[in-house]
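Single-structure report; data block below.
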There are 2 protein chains.
Amino acid sequence: MLTTTDPALRIKSAAVLMFAQRGYAATSIRDLAKAVNMTNAGIYHHVASKEALLAGLMREGHAGLIETTHRLLDGVDRPRDRLALLIGSLTAIHALNPMTTRVMDGELRSLTPGSGAHDEIIALRDAYEGIWRDTIAEGVARGAFIVANQKLSRLALMSMCTGTSEWYRPDGESPLEEVCAEFVGIGLTAVNADPASRIPHLDLSLLPIYPWEPR
Amino acid sequence: MLTTTDPALRIKSAAVLMFAQRGYAATSIRDLAKAVNMTNAGIYHHVASKEALLAGLMREGHAGLIETTHRLLDGVDRPRDRLALLIGSLTAIHALNPMTTRVMDGELRSLTPGSGAHDEIIALRDAYEGIWRDTIAEGVARGAFIVANQKLSRLALMSMCTGTSEWYRPDGESPLEEVCAEFVGIGLTAVNADPASRIPHLDLSLLPIYPWEPR
DNA sequence: CTAGCTACCGAACGCCCGTTAGGTGTAGGA
DNA sequence: TCCTACACCTAACGGGCGTTCGGTAGCTAG
(Lines give C-alpha, C1' and ligand atoms only; values in the text may rest on other atoms or scores of the structure.)
Protein backbone atom coordinates (compact mmCIF):
# COMPACT_ATOMS: atom_id res chain seq x y z
CA MET A 1 0.00 0.00 0.00
CA LEU A 2 1.68 3.16 -1.20
CA THR A 3 1.05 6.73 -0.22
CA THR A 4 0.70 7.90 -3.82
CA THR A 5 -2.51 9.63 -4.64
CA ASP A 6 -2.76 8.28 -8.17
CA PRO A 7 -4.94 5.18 -7.88
CA ALA A 8 -3.70 3.64 -11.13
CA LEU A 9 -0.16 3.75 -9.77
CA ARG A 10 -1.21 2.33 -6.43
CA ILE A 11 -2.78 -0.58 -8.28
CA LYS A 12 0.34 -1.18 -10.34
CA SER A 13 2.47 -1.06 -7.23
CA ALA A 14 0.37 -3.57 -5.33
CA ALA A 15 0.07 -5.77 -8.41
CA VAL A 16 3.79 -5.99 -9.09
CA LEU A 17 4.40 -6.84 -5.44
CA MET A 18 1.85 -9.63 -5.34
CA PHE A 19 2.69 -10.96 -8.81
CA ALA A 20 6.34 -11.16 -7.75
CA GLN A 21 5.69 -12.80 -4.40
CA ARG A 22 2.85 -15.24 -5.11
CA GLY A 23 2.84 -15.30 -8.90
CA TYR A 24 0.30 -13.91 -11.34
CA ALA A 25 -1.99 -16.96 -11.35
CA ALA A 26 -2.11 -17.09 -7.56
CA THR A 27 -3.07 -13.41 -7.26
CA SER A 28 -6.76 -12.61 -7.57
CA ILE A 29 -8.33 -9.32 -8.48
CA ARG A 30 -10.04 -9.44 -5.08
CA ASP A 31 -6.69 -9.81 -3.29
CA LEU A 32 -5.36 -6.90 -5.28
CA ALA A 33 -8.41 -4.78 -4.54
CA LYS A 34 -8.07 -5.45 -0.82
CA ALA A 35 -4.44 -4.26 -0.93
CA VAL A 36 -5.49 -0.88 -2.35
CA ASN A 37 -8.72 -0.55 -0.33
CA MET A 38 -11.13 -1.02 -3.19
CA THR A 39 -13.63 -3.62 -4.25
CA ASN A 40 -12.87 -5.98 -7.10
CA ALA A 41 -15.14 -3.99 -9.39
CA GLY A 42 -13.33 -0.77 -8.57
CA ILE A 43 -10.14 -2.13 -10.08
CA TYR A 44 -11.79 -2.31 -13.49
CA HIS A 45 -12.25 1.43 -13.55
CA HIS A 46 -8.45 1.71 -13.95
CA VAL A 47 -7.51 -1.53 -15.68
CA ALA A 48 -8.99 -3.25 -18.73
CA SER A 49 -8.29 -6.76 -17.50
CA LYS A 50 -5.98 -8.70 -15.21
CA GLU A 51 -3.86 -9.78 -18.16
CA ALA A 52 -3.64 -6.21 -19.51
CA LEU A 53 -2.35 -5.14 -16.10
CA LEU A 54 0.44 -7.73 -16.28
CA ALA A 55 1.19 -6.92 -19.92
CA GLY A 56 1.45 -3.21 -19.12
CA LEU A 57 3.93 -3.81 -16.31
CA MET A 58 6.04 -6.05 -18.49
CA ARG A 59 5.92 -3.76 -21.50
CA GLU A 60 6.88 -0.63 -19.60
CA GLY A 61 9.49 -2.56 -17.65
CA HIS A 62 11.21 -3.86 -20.74
CA ALA A 63 10.89 -0.54 -22.53
CA GLY A 64 12.57 1.22 -19.62
CA LEU A 65 15.36 -1.32 -19.52
CA ILE A 66 16.03 -1.01 -23.23
CA GLU A 67 15.89 2.76 -23.22
CA THR A 68 18.22 3.03 -20.23
CA THR A 69 20.67 0.60 -21.80
CA HIS A 70 20.82 2.52 -25.06
CA ARG A 71 21.36 5.75 -23.15
CA LEU A 72 24.18 4.21 -21.09
CA LEU A 73 25.95 2.71 -24.08
CA ASP A 74 25.60 5.79 -26.25
CA GLY A 75 29.04 6.92 -27.38
CA VAL A 76 30.83 4.01 -25.68
CA ASP A 77 32.84 2.31 -28.36
CA ARG A 78 35.12 -0.33 -26.85
CA PRO A 79 33.38 -3.72 -26.50
CA ARG A 80 35.02 -4.24 -23.12
CA ASP A 81 33.51 -1.02 -21.79
CA ARG A 82 30.13 -1.79 -23.35
CA LEU A 83 30.03 -5.24 -21.75
CA ALA A 84 31.04 -3.81 -18.39
CA LEU A 85 28.14 -1.36 -18.58
CA LEU A 86 25.72 -4.10 -19.67
CA ILE A 87 26.67 -6.32 -16.73
CA GLY A 88 26.64 -3.51 -14.19
CA SER A 89 23.37 -1.99 -15.31
CA LEU A 90 21.47 -5.28 -15.61
CA THR A 91 22.65 -6.23 -12.13
CA ALA A 92 21.80 -2.87 -10.61
CA ILE A 93 18.38 -2.63 -12.23
CA HIS A 94 17.52 -6.07 -10.83
CA ALA A 95 18.76 -5.02 -7.40
CA LEU A 96 16.90 -1.70 -7.45
CA ASN A 97 13.65 -3.12 -8.89
CA PRO A 98 13.41 -6.67 -7.58
CA MET A 99 9.63 -7.00 -7.85
CA THR A 100 9.33 -5.56 -11.33
CA THR A 101 12.24 -7.56 -12.70
CA ARG A 102 11.02 -10.80 -11.15
CA VAL A 103 7.71 -10.29 -12.93
CA MET A 104 9.48 -9.34 -16.16
CA ASP A 105 11.74 -12.40 -16.03
CA GLY A 106 9.27 -14.97 -14.76
CA GLU A 107 5.72 -14.19 -15.84
CA LEU A 108 6.00 -14.29 -19.61
CA ARG A 109 4.28 -17.68 -19.45
CA SER A 110 1.19 -16.03 -17.95
CA LEU A 111 0.45 -14.00 -21.07
CA THR A 112 -1.86 -15.82 -23.48
CA PRO A 113 0.33 -17.27 -26.23
CA GLY A 114 -0.38 -15.73 -29.60
CA SER A 115 -1.97 -12.64 -28.09
CA GLY A 116 -0.52 -9.35 -29.19
CA ALA A 117 0.84 -8.69 -25.72
CA HIS A 118 2.70 -11.99 -25.61
CA ASP A 119 4.39 -11.42 -28.96
CA GLU A 120 5.17 -7.84 -28.06
CA ILE A 121 6.98 -8.77 -24.85
CA ILE A 122 8.94 -11.49 -26.63
CA ALA A 123 10.01 -8.92 -29.21
CA LEU A 124 11.16 -6.53 -26.47
CA ARG A 125 13.05 -9.28 -24.67
CA ASP A 126 14.72 -10.30 -27.93
CA ALA A 127 15.63 -6.68 -28.63
CA TYR A 128 17.36 -6.43 -25.26
CA GLU A 129 19.18 -9.72 -25.70
CA GLY A 130 20.26 -8.49 -29.12
CA ILE A 131 22.26 -5.71 -27.49
CA TRP A 132 24.21 -8.31 -25.51
CA ARG A 133 24.58 -10.56 -28.55
CA ASP A 134 25.93 -7.78 -30.72
CA THR A 135 28.27 -6.50 -28.04
CA ILE A 136 29.83 -9.93 -27.52
CA ALA A 137 30.01 -10.63 -31.25
CA GLU A 138 31.70 -7.28 -31.85
CA GLY A 139 34.16 -7.91 -29.05
CA VAL A 140 35.08 -11.30 -30.45
CA ALA A 141 35.37 -9.89 -33.98
CA ARG A 142 37.65 -7.12 -32.80
CA GLY A 143 39.77 -9.51 -30.75
CA ALA A 144 38.79 -7.88 -27.46
CA PHE A 145 37.11 -11.06 -26.18
CA ILE A 146 38.10 -14.70 -26.48
CA VAL A 147 35.27 -17.16 -25.79
CA ALA A 148 34.58 -20.79 -26.63
CA ASN A 149 30.91 -20.13 -27.33
CA GLN A 150 29.31 -16.69 -27.50
CA LYS A 151 25.80 -17.81 -26.68
CA LEU A 152 26.99 -19.79 -23.67
CA SER A 153 28.96 -16.88 -22.29
CA ARG A 154 26.05 -14.51 -22.74
CA LEU A 155 23.57 -16.81 -21.03
CA ALA A 156 25.92 -17.46 -18.13
CA LEU A 157 26.48 -13.75 -17.55
CA MET A 158 22.85 -12.76 -17.96
CA SER A 159 21.72 -15.47 -15.50
CA MET A 160 24.22 -14.18 -12.98
CA CYS A 161 22.89 -10.61 -13.34
CA THR A 162 19.17 -11.43 -13.29
CA GLY A 163 19.62 -13.71 -10.30
CA THR A 164 20.32 -10.60 -8.25
CA SER A 165 16.62 -9.81 -7.86
CA GLU A 166 16.22 -13.08 -5.92
CA TRP A 167 18.67 -12.39 -3.13
CA TYR A 168 19.81 -8.74 -3.04
CA ARG A 169 18.72 -6.73 -0.01
CA PRO A 170 19.55 -3.01 0.24
CA ASP A 171 20.23 -3.42 3.96
CA GLY A 172 22.44 -6.47 3.38
CA GLU A 173 26.15 -6.73 3.93
CA SER A 174 27.29 -5.77 0.44
CA PRO A 175 26.47 -2.35 -1.02
CA LEU A 176 25.23 -2.30 -4.58
CA GLU A 177 28.43 -0.77 -5.92
CA GLU A 178 30.37 -3.75 -4.59
CA VAL A 179 27.97 -6.24 -6.18
CA CYS A 180 28.19 -4.54 -9.55
CA ALA A 181 31.98 -4.25 -9.44
CA GLU A 182 32.31 -7.90 -8.45
CA PHE A 183 29.98 -9.08 -11.22
CA VAL A 184 31.66 -6.90 -13.83
CA GLY A 185 34.98 -8.39 -12.79
CA ILE A 186 33.66 -11.95 -13.11
CA GLY A 187 32.07 -11.17 -16.45
CA LEU A 188 35.10 -9.56 -18.03
CA THR A 189 37.40 -12.39 -17.04
CA ALA A 190 34.80 -14.87 -18.31
CA VAL A 191 35.25 -13.47 -21.83
CA ASN A 192 39.02 -13.04 -21.37
CA ALA A 193 38.82 -9.28 -21.78
CA ASP A 194 41.85 -7.13 -21.04
CA PRO A 195 41.96 -7.08 -17.23
CA ALA A 196 44.35 -4.12 -17.02
CA SER A 197 42.62 -1.04 -18.41
CA ARG A 198 40.15 0.92 -16.36
CA ILE A 199 36.50 -0.03 -16.17
CA PRO A 200 34.05 2.77 -17.04
CA HIS A 201 32.16 4.17 -14.11
CA LEU A 202 28.48 3.29 -13.89
CA ASP A 203 26.40 6.10 -12.43
CA LEU A 204 23.66 4.26 -10.53
CA SER A 205 21.52 7.39 -10.41
CA LEU A 206 21.05 7.10 -14.17
CA LEU A 207 19.21 3.79 -13.75
CA PRO A 208 15.42 3.64 -13.58
CA ILE A 209 13.54 2.93 -10.43
CA TYR A 210 10.12 2.16 -11.83
CA PRO A 211 7.50 4.47 -10.35
CA TRP A 212 5.38 1.46 -9.36
CA GLU A 213 8.23 -0.50 -7.76
CA PRO A 214 7.13 -0.99 -4.13
CA ARG A 215 9.26 0.87 -1.59
CA MET B 1 1.79 -38.63 -21.27
CA LEU B 2 4.38 -41.27 -20.54
CA THR B 3 4.45 -44.94 -21.42
CA THR B 4 5.20 -46.03 -17.86
CA THR B 5 2.73 -48.43 -16.41
CA ASP B 6 2.93 -47.08 -12.86
CA PRO B 7 0.11 -44.55 -12.64
CA ALA B 8 1.65 -42.68 -9.70
CA LEU B 9 4.76 -42.03 -11.75
CA ARG B 10 2.76 -40.98 -14.78
CA ILE B 11 0.99 -38.44 -12.58
CA LYS B 12 4.28 -37.12 -11.20
CA SER B 13 5.67 -36.83 -14.68
CA ALA B 14 2.71 -34.90 -16.06
CA ALA B 15 2.60 -32.75 -12.93
CA VAL B 16 6.24 -31.68 -13.05
CA LEU B 17 5.87 -30.83 -16.73
CA MET B 18 2.80 -28.68 -16.23
CA PHE B 19 4.04 -27.09 -13.00
CA ALA B 20 7.26 -26.12 -14.78
CA GLN B 21 5.57 -24.76 -17.90
CA ARG B 22 2.47 -22.98 -16.55
CA GLY B 23 3.25 -22.81 -12.84
CA TYR B 24 1.65 -24.67 -9.94
CA ALA B 25 -1.18 -22.20 -9.39
CA ALA B 26 -2.15 -22.21 -13.06
CA THR B 27 -2.31 -26.01 -13.24
CA SER B 28 -5.60 -27.58 -12.17
CA ILE B 29 -6.16 -31.14 -11.02
CA ARG B 30 -8.55 -31.48 -13.97
CA ASP B 31 -5.80 -30.42 -16.42
CA LEU B 32 -3.48 -32.91 -14.81
CA ALA B 33 -6.08 -35.69 -14.95
CA LYS B 34 -6.68 -35.04 -18.63
CA ALA B 35 -2.95 -35.41 -19.32
CA VAL B 36 -2.89 -38.89 -17.78
CA ASN B 37 -6.32 -40.00 -19.08
CA MET B 38 -8.11 -40.00 -15.78
CA THR B 39 -10.85 -37.99 -14.16
CA ASN B 40 -10.07 -35.45 -11.48
CA ALA B 41 -11.34 -37.85 -8.81
CA GLY B 42 -9.05 -40.61 -10.04
CA ILE B 43 -5.98 -38.51 -9.22
CA TYR B 44 -6.88 -38.59 -5.55
CA HIS B 45 -6.46 -42.35 -5.42
CA HIS B 46 -2.70 -41.77 -5.88
CA VAL B 47 -2.14 -38.36 -4.32
CA ALA B 48 -3.29 -36.92 -1.00
CA SER B 49 -3.66 -33.37 -2.28
CA LYS B 50 -2.36 -31.03 -4.95
CA GLU B 51 0.04 -29.44 -2.49
CA ALA B 52 1.31 -32.84 -1.30
CA LEU B 53 2.07 -33.68 -4.93
CA LEU B 54 4.19 -30.54 -5.28
CA ALA B 55 5.84 -31.08 -1.90
CA GLY B 56 6.75 -34.65 -2.82
CA LEU B 57 8.37 -33.59 -6.08
CA MET B 58 10.36 -30.87 -4.35
CA ARG B 59 11.39 -33.07 -1.42
CA GLU B 60 12.60 -35.96 -3.56
CA GLY B 61 14.24 -33.55 -5.98
CA HIS B 62 16.26 -31.82 -3.30
CA ALA B 63 17.06 -35.08 -1.55
CA GLY B 64 18.43 -36.52 -4.80
CA LEU B 65 20.50 -33.41 -5.43
CA ILE B 66 22.02 -33.48 -1.95
CA GLU B 67 22.71 -37.19 -2.02
CA THR B 68 24.36 -37.01 -5.44
CA THR B 69 26.47 -34.06 -4.37
CA HIS B 70 27.75 -35.81 -1.27
CA ARG B 71 28.56 -38.88 -3.31
CA LEU B 72 30.46 -36.83 -5.89
CA LEU B 73 32.46 -34.89 -3.30
CA ASP B 74 33.26 -37.93 -1.18
CA GLY B 75 37.02 -38.25 -0.85
CA VAL B 76 37.72 -35.05 -2.81
CA ASP B 77 39.84 -32.88 -0.58
CA ARG B 78 41.11 -29.84 -2.47
CA PRO B 79 38.61 -26.93 -2.38
CA ARG B 80 39.36 -26.15 -6.01
CA ASP B 81 38.35 -29.64 -7.06
CA ARG B 82 35.30 -29.62 -4.82
CA LEU B 83 34.09 -26.31 -6.26
CA ALA B 84 34.64 -27.56 -9.80
CA LEU B 85 32.48 -30.59 -9.05
CA LEU B 86 29.80 -28.42 -7.42
CA ILE B 87 29.59 -26.13 -10.44
CA GLY B 88 29.64 -28.93 -12.99
CA SER B 89 27.09 -31.11 -11.23
CA LEU B 90 24.63 -28.31 -10.46
CA THR B 91 24.80 -27.21 -14.08
CA ALA B 92 24.41 -30.71 -15.47
CA ILE B 93 21.55 -31.66 -13.17
CA HIS B 94 19.69 -28.53 -14.28
CA ALA B 95 20.36 -29.37 -17.92
CA LEU B 96 19.33 -33.02 -17.54
CA ASN B 97 16.23 -32.31 -15.43
CA PRO B 98 14.95 -28.93 -16.56
CA MET B 99 11.33 -29.45 -15.50
CA THR B 100 12.10 -30.82 -12.06
CA THR B 101 14.72 -28.19 -11.29
CA ARG B 102 12.50 -25.35 -12.48
CA VAL B 103 9.85 -26.52 -10.05
CA MET B 104 12.42 -26.98 -7.28
CA ASP B 105 13.88 -23.50 -7.82
CA GLY B 106 10.69 -21.59 -8.48
CA GLU B 107 7.71 -23.09 -6.68
CA LEU B 108 8.76 -22.83 -3.05
CA ARG B 109 6.33 -19.92 -2.77
CA SER B 110 3.44 -22.24 -3.63
CA LEU B 111 3.85 -24.30 -0.46
CA THR B 112 1.74 -22.98 2.43
CA PRO B 113 4.09 -21.00 4.68
CA GLY B 114 4.49 -22.57 8.08
CA SER B 115 3.32 -25.97 6.87
CA GLY B 116 5.66 -28.86 7.57
CA ALA B 117 6.36 -29.28 3.88
CA HIS B 118 7.39 -25.65 3.45
CA ASP B 119 9.83 -25.75 6.35
CA GLU B 120 11.18 -29.10 5.23
CA ILE B 121 12.02 -27.86 1.72
CA ILE B 122 13.66 -24.74 3.11
CA ALA B 123 15.81 -26.96 5.35
CA LEU B 124 16.84 -29.08 2.37
CA ARG B 125 17.66 -26.04 0.28
CA ASP B 126 19.70 -24.60 3.13
CA ALA B 127 21.52 -27.90 3.54
CA TYR B 128 22.51 -27.85 -0.12
CA GLU B 129 23.61 -24.22 0.00
CA GLY B 130 25.63 -25.12 3.07
CA ILE B 131 27.81 -27.42 0.99
CA TRP B 132 28.68 -24.50 -1.28
CA ARG B 133 29.17 -22.15 1.65
CA ASP B 134 31.53 -24.52 3.42
CA THR B 135 33.47 -25.31 0.26
CA ILE B 136 34.10 -21.65 -0.49
CA ALA B 137 34.92 -20.83 3.13
CA GLU B 138 37.38 -23.70 3.29
CA GLY B 139 39.00 -22.63 0.04
CA VAL B 140 39.43 -19.08 1.30
CA ALA B 141 40.75 -20.29 4.66
CA ARG B 142 43.30 -22.51 2.95
CA GLY B 143 44.35 -19.77 0.55
CA ALA B 144 43.08 -21.66 -2.48
CA PHE B 145 40.49 -18.96 -3.31
CA ILE B 146 40.71 -15.19 -3.13
CA VAL B 147 37.33 -13.43 -3.14
CA ALA B 148 36.05 -10.03 -2.09
CA ASN B 149 32.85 -11.47 -0.65
CA GLN B 150 32.10 -15.16 -0.24
CA LYS B 151 28.33 -14.87 -0.27
CA LEU B 152 28.40 -12.74 -3.39
CA SER B 153 30.62 -15.18 -5.24
CA ARG B 154 28.47 -18.14 -4.23
CA LEU B 155 25.24 -16.47 -5.32
CA ALA B 156 26.72 -15.39 -8.64
CA LEU B 157 27.94 -18.89 -9.42
CA MET B 158 24.79 -20.65 -8.29
CA SER B 159 22.60 -18.32 -10.37
CA MET B 160 24.73 -19.10 -13.39
CA CYS B 161 24.32 -22.85 -12.85
CA THR B 162 20.59 -22.88 -12.09
CA GLY B 163 19.87 -20.64 -15.05
CA THR B 164 20.80 -23.55 -17.27
CA SER B 165 17.37 -25.15 -16.90
CA GLU B 166 15.85 -22.11 -18.62
CA TRP B 167 17.77 -22.32 -21.89
CA TYR B 168 19.64 -25.62 -22.30
CA ARG B 169 18.37 -27.90 -25.06
CA PRO B 170 19.92 -31.35 -25.57
CA ASP B 171 19.71 -30.87 -29.33
CA GLY B 172 21.26 -27.40 -29.16
CA GLU B 173 24.63 -26.35 -30.51
CA SER B 174 26.66 -26.94 -27.35
CA PRO B 175 26.95 -30.42 -25.83
CA LEU B 176 26.51 -30.66 -22.09
CA GLU B 177 30.20 -31.42 -21.50
CA GLU B 178 31.10 -28.11 -23.14
CA VAL B 179 28.62 -26.18 -21.03
CA CYS B 180 29.92 -27.70 -17.82
CA ALA B 181 33.55 -27.15 -18.74
CA GLU B 182 32.87 -23.54 -19.68
CA PHE B 183 30.97 -22.83 -16.45
CA VAL B 184 33.60 -24.51 -14.32
CA GLY B 185 36.23 -22.36 -15.99
CA ILE B 186 34.25 -19.18 -15.32
CA GLY B 187 33.61 -20.22 -11.73
CA LEU B 188 37.19 -21.06 -10.87
CA THR B 189 38.54 -17.83 -12.27
CA ALA B 190 35.79 -15.95 -10.41
CA VAL B 191 37.27 -17.11 -7.11
CA ASN B 192 40.85 -16.72 -8.36
CA ALA B 193 41.58 -20.42 -8.01
CA ASP B 194 44.77 -21.88 -9.43
CA PRO B 195 44.07 -21.99 -13.18
CA ALA B 196 46.94 -24.37 -13.98
CA SER B 197 46.28 -27.70 -12.31
CA ARG B 198 43.91 -30.22 -13.85
CA ILE B 199 40.21 -30.10 -13.24
CA PRO B 200 38.68 -33.33 -11.91
CA HIS B 201 36.57 -35.22 -14.41
CA LEU B 202 32.82 -35.16 -13.82
CA ASP B 203 31.15 -38.39 -14.86
CA LEU B 204 27.74 -37.25 -16.10
CA SER B 205 26.37 -40.78 -15.83
CA LEU B 206 26.65 -40.49 -12.04
CA LEU B 207 24.09 -37.69 -12.00
CA PRO B 208 20.40 -38.38 -11.36
CA ILE B 209 17.77 -38.19 -14.01
CA TYR B 210 14.65 -38.15 -11.91
CA PRO B 211 12.34 -41.03 -12.84
CA TRP B 212 9.44 -38.58 -13.29
CA GLU B 213 11.40 -36.10 -15.42
CA PRO B 214 9.50 -35.95 -18.74
CA ARG B 215 11.39 -37.33 -21.67
C1' DC C 1 -18.22 -68.71 -5.60
C1' DT C 2 -16.97 -65.29 -2.74
C1' DA C 3 -14.12 -61.89 -0.27
C1' DG C 4 -11.06 -58.36 -0.55
C1' DC C 5 -8.11 -55.30 -2.89
C1' DT C 6 -6.70 -51.92 -6.42
C1' DA C 7 -7.83 -48.58 -9.60
C1' DC C 8 -10.63 -46.01 -11.08
C1' DC C 9 -15.50 -43.07 -12.30
C1' DG C 10 -19.92 -39.93 -11.88
C1' DA C 11 -21.76 -36.57 -9.37
C1' DA C 12 -21.72 -33.29 -6.31
C1' DC C 13 -20.09 -29.99 -2.37
C1' DG C 14 -18.97 -25.14 -1.21
C1' DC C 15 -16.05 -21.75 -2.61
C1' DC C 16 -13.56 -18.51 -5.41
C1' DC C 17 -12.57 -16.75 -9.97
C1' DG C 18 -12.56 -12.76 -13.80
C1' DT C 19 -15.71 -9.79 -15.41
C1' DT C 20 -19.92 -6.79 -16.09
C1' DA C 21 -24.23 -4.01 -15.54
C1' DG C 22 -26.08 -0.42 -13.36
C1' DG C 23 -26.11 2.64 -9.65
C1' DT C 24 -24.21 6.35 -6.08
C1' DG C 25 -21.64 10.08 -4.34
C1' DT C 26 -18.65 13.89 -4.94
C1' DA C 27 -15.97 17.59 -6.95
C1' DG C 28 -15.46 21.27 -10.30
C1' DG C 29 -16.99 24.23 -14.10
C1' DA C 30 -20.58 27.02 -16.65
C1' DT D 1 -28.11 25.50 -9.95
C1' DC D 2 -27.41 22.19 -13.22
C1' DC D 3 -24.08 19.23 -15.76
C1' DT D 4 -20.51 16.40 -16.56
C1' DA D 5 -16.69 13.56 -15.33
C1' DC D 6 -14.61 10.75 -12.33
C1' DA D 7 -14.01 7.28 -8.85
C1' DC D 8 -15.92 4.09 -6.94
C1' DC D 9 -19.82 0.73 -5.13
C1' DT D 10 -23.35 -3.45 -4.74
C1' DA D 11 -24.80 -7.35 -6.84
C1' DA D 12 -24.61 -10.71 -9.79
C1' DC D 13 -23.21 -13.78 -13.94
C1' DG D 14 -21.27 -18.19 -15.60
C1' DG D 15 -17.74 -21.02 -14.80
C1' DG D 16 -13.74 -23.36 -12.80
C1' DC D 17 -11.53 -24.73 -8.51
C1' DG D 18 -9.85 -28.53 -4.86
C1' DT D 19 -11.87 -32.10 -2.73
C1' DT D 20 -15.09 -35.88 -1.21
C1' DC D 21 -18.64 -39.45 -1.30
C1' DG D 22 -20.35 -43.53 -2.84
C1' DG D 23 -20.13 -46.36 -6.10
C1' DT D 24 -18.18 -50.23 -9.79
C1' DA D 25 -15.29 -53.11 -12.74
C1' DG D 26 -11.59 -56.31 -12.77
C1' DC D 27 -8.29 -59.16 -10.70
C1' DT D 28 -6.45 -62.55 -7.29
C1' DA D 29 -6.50 -65.77 -3.28
C1' DG D 30 -8.89 -69.19 -0.85
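Since the model is a prediction, treat every value here as computed from it, not as a measurement. Proteins come first, then strands; the chains are lettered A, B, ... in the order of their sequence lines, and each starts at number 1.
- A heavy-atom distance below 4.5 Å is found between the side chains of B:Arg133 and B:Arg154.
- The backbone N or O of B:Thr100 lies less than 3.5 Å from a partner atom in the side chain of B:Glu213, making a donor-acceptor pair.
- Taking 4.0 Å as the cut-off between side-chain N and carboxylate O, B:Arg82 and B:Glu138 do not count as a salt-bridged pair.
- Atom NE2 in A:His45 sits about 16 Å away from atom P in D:dT10, given to the nearest Å.
- Within the 4.5 Å cutoff, no side-chain heavy atoms of B:Trp212 are placed close to those of B:Ile11.
- Atom CD1 in A:Ile43 sits roughly 14 Å away from atom P in D:dT10 (whole-Å rounding).
- Under the 3.5 Å distance criterion, with hydrogens and angles disregarded, no donor-acceptor pair is assigned to the side chains of B:Gln150 and B:Ser153.
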Under 4.0 Å protein heavy-atom contacts per nucleotide of nucleotides 12-18 of chain D, with B for base, S for backbone only and - for none: B----BB

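- Using a 4.5 Å heavy-atom threshold, the side chains of B:Tyr128 and B:Met158 count as touching.
- For DNA chain C, the contact window with chain B, defined by any atom under 4.0 Å from a protein heavy atom, covers C:dT6 to C:dA12 in 5' to 3' order.
- A:Tyr24 places a side-chain N or O within 3.5 Å of a backbone atom of A:Glu51 that can act as its donor or acceptor partner.
- Looking only at distances, a side-chain donor or acceptor of A:Arg102 sits under 3.5 Å from a matching main-chain atom of A:Ser165.
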